[in-house]
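Encoded as structure tokens, the structure appears first; notes follow it.
Remember, it's a predicted structure, so these values are computed and weren't measured experimentally.
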Amino acid sequence: MSTNEAITRLGAAVSALGDLDVSAWSEEALREQLGELSVNLCALDALLAKVADGVRARGLRIEEPVAA
């Protein structure tokens, strides 16, 4: 996968997560999806940490964007 494709796919994942509003889910829906949601959130956390560690291992910093 090219660098540009990877960044595009990462942006799409961020967009998808931005659309996720569990506060709008019913208690029943949240309970039904909690297992799968937990698995995906833990996997995402591990992968983000891996990418961040790779960036830091190259001596670079990850900085939050400055608000406009």
Salt-bridged, Arg56 to Asp53, with N to O below 4.0 Å? yes

Would you say Leu44 and Val55 are hydrophobically clustered, going by side-chain heavy atoms of ILVMFWY under 4.5 Å? no

Do Leu48 and Val14 share a hydrophobic cluster (ILVMFWY, side-chain heavy atoms under 4.5 Å, transitive)? no

Taking Leu34 as the starting point, is it possible to reach Leu17 by hopping between hydrophobic residues whose side chains are less than 4.5 Å apart? no

Is Ser15 reaching over with its side chain to a backbone N or O of Gly11, donor-acceptor style, under 3.5 angstrom? no

Is it the case that one hydrophobic cluster holds both Leu41 and Leu47, taking links as side-chain heavy atoms less than 4.5 Å apart, direct or via other members? no

With a 4.5 Å heavy-atom cut-off, do Leu10 and Val51 have their side chains touching? no

Report yes or no: do Leu60 and Ile62 belong to one cluster of Ile/Leu/Val/Met/Phe/Trp/Tyr joined by side chain heavy-atom distances under 4.5 Å? yes

Separation between CD (Glu32) and CD (Glu27), nearest 0.5 Å, reads 11.0 Å

Taking Asn40 for its side chain and Glu36 for its backbone only, find out whether a donor-acceptor pair lies under 3.5 Å. yes

Spatial distance of atom CD1 (Ile7) from atom CE (Met1) [nearest 0.5 Å]: 10.5 Å

